[in-house]
Amino acid sequence: MAKLKVFRTPIGFHDAYVAVPSQKAALAAWGAEADLFARGLAETVTDAELAREPLSKPGQVIRIRRGTDAEHFRALPTAARRPSPPKVGAERSPEKAEARDRKTTKPAKTSRPRPSPAPVEQADAAIADAEAKYRKALKILEEQEQALRQERKRLTSDHEANVQRLSGARDDALRNYHKRIEAWANEE
């Protein structure tokens, strides 16, 4: 079997890891249609700690969360900064101050509600459900394969015993035939 390598690509707040023999196999496991490696969106993992779980489940995509909620919130862009107040005495005429205010003031942003993470959570739940169904179906197939192997073993054993019994009967018939041929030849 080819040596396994571990590859990683970001997917939202998670990283998708997979242990496969090649980049092409990694792209197939992720379901990627484009070469994520050429675009710089995927990489080979060299950290043994990060590679341990994917190597324990070769070919299976492992999702690992990238950071905590607090780290994700800290990474959000900060609010727009206010312009600094004018220096005292810098502008003496009210016309200039008004013109400056018109240039620097921006229309007030309307407050929008924060987007809900519910669709992402539903998608995660659907993926977990699909994974559970897949594992259950795979277990059923493995049990059926085991039953078929046992049936094949029993069938082979019965066949060998039957052939041995029939070969013994054939050997007896052949001995009797030779005795009769010898008796027939002696009569003449």
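We number each residue from 1, following the sequence as shown.
- Thr9 places a side-chain N or O within donor-acceptor distance of the main-chain N or O of Leu41, the cut-off being under 3.5 Å.
- When atom types are taken as modelled, the side chain of Ser157 and the backbone of Lys153 share no donor-acceptor pair closer than 3.5 angstrom.
- Contact detail for Ala16 and Ile11: the closest heavy-atom pair is CB-CD1, 3.9 Å.
- A salt bridge does not link Glu182 with Lys179: none of the charged nitrogens is closer than 4.0 Å to a carboxylate oxygen.
- Taking every heavy atom of both residues into account, Ile62 and Pro54 meet most closely at CG1-CA, 4.0 Å.
- Atom CG of Leu148 sits about 12.0 Å away from atom CD of Glu143, to the nearest 0.5 Å.
- With a 6.0 Å radius and a threshold of 12 heavy atoms from other residues, nucleotides or ligands, Gln146 has its CD atom above the threshold.
- What you find for Tyr17 and Arg8 is that their closest heavy atoms are OH-NH1, 3.1 Å.
- Remark: Leu36 CG to Gln23 CD distance equals 10.0 Å, nearest 0.5 Å.
- Listed by chain and residue number, nothing satisfies the side chain to side chain donor-acceptor pair (under 3.5 Å) test with Asp171 (two or more places apart in sequence, or in another chain).
- Residues meeting the side chain to side chain donor-acceptor pair (under 3.5 Å) test with Asp35, sequence neighbours left out: none.
- The two atoms that bring Gly12 and Arg66 nearest to each other are O-NH2, 2.5 Å, heavy atoms only.
- A continuous path of ILVMFWY side-chain contacts below 4.5 Å connects Leu4 to Ile64, so both sit in one hydrophobic cluster.
- The local environment of CZ in Arg39 is sparse, with at most 12 non-hydrogen atoms from other residues, nucleotides or ligands closer than 6.0 Å.
- Checked against side-chain contact (heavy atoms from CB on, under 4.5 Å), Glu142 has the following partners two or more places apart in sequence or in another chain: Leu138, Glu145.
- Residues that satisfy the side-chain contact (heavy atoms from CB on, under 4.5 Å) test with Leu155, not counting sequence neighbours, are absent from this structure.
- By the side chain to side chain donor-acceptor pair (under 3.5 Å) test, Glu131 pairs with no residue at all, sequence neighbours left out.
- For the atom pair OH of Tyr177 and CG of Leu174, the computed distance is 9.0 Å after rounding to the nearest 0.5 Å.
- In this structure, CD on Glu53 lies 8.5 Å from CD on Gln60, to the nearest 0.5 angstrom.
- Judged by distance alone, with hydrogens and angles left aside, the side-chain atoms of Arg52 form no donor-acceptor pair with the main-chain N or O of Asp47 at under 3.5 Å.
- Put simply, Ile127 and Phe13 are part of two different groups of oily side chains (I, L, V, M, F, W, Y) that touch within less than 4.5 Å, one to the next.
- Arg65 places no side-chain N or O within 3.5 Å of a backbone atom of His14 that could act as its donor or acceptor partner.
- Each of Leu27 and Val45 belongs to its own hydrophobic cluster when Ile, Leu, Val, Met, Phe, Trp and Tyr are linked at side-chain heavy-atom distances under 4.5 angstrom.
- The two residues Val61 and Ala29 have their closest heavy-atom pair at CG2-O, 3.4 Å.
- When all heavy atoms of Ser22 and Phe7 are compared, the closest pair comes out as O-CE1, 3.5 Å.
- The side-chain heavy atoms of Val163 and Glu160, taken from C-beta on, include no pair separated by under 4.5 Å.
- Around atom CZ of Arg170, no more than 12 heavy atoms belonging to other residues, nucleotides or ligands sit under 6.0 Å away.
- Taking Asp129 as the reference, Lys133 meet the salt bridge (Lys or Arg N to Asp or Glu O under 4.0 Å) condition, with sequence neighbours excluded.
- Annotation: side chain of Val6 is not in contact with side chain of Leu50 (no heavy-atom distance under 4.5 Å).
- Side chains of Val20 and Pro58 form no contact here, defined as non-hydrogen atoms less than 4.5 Å apart.
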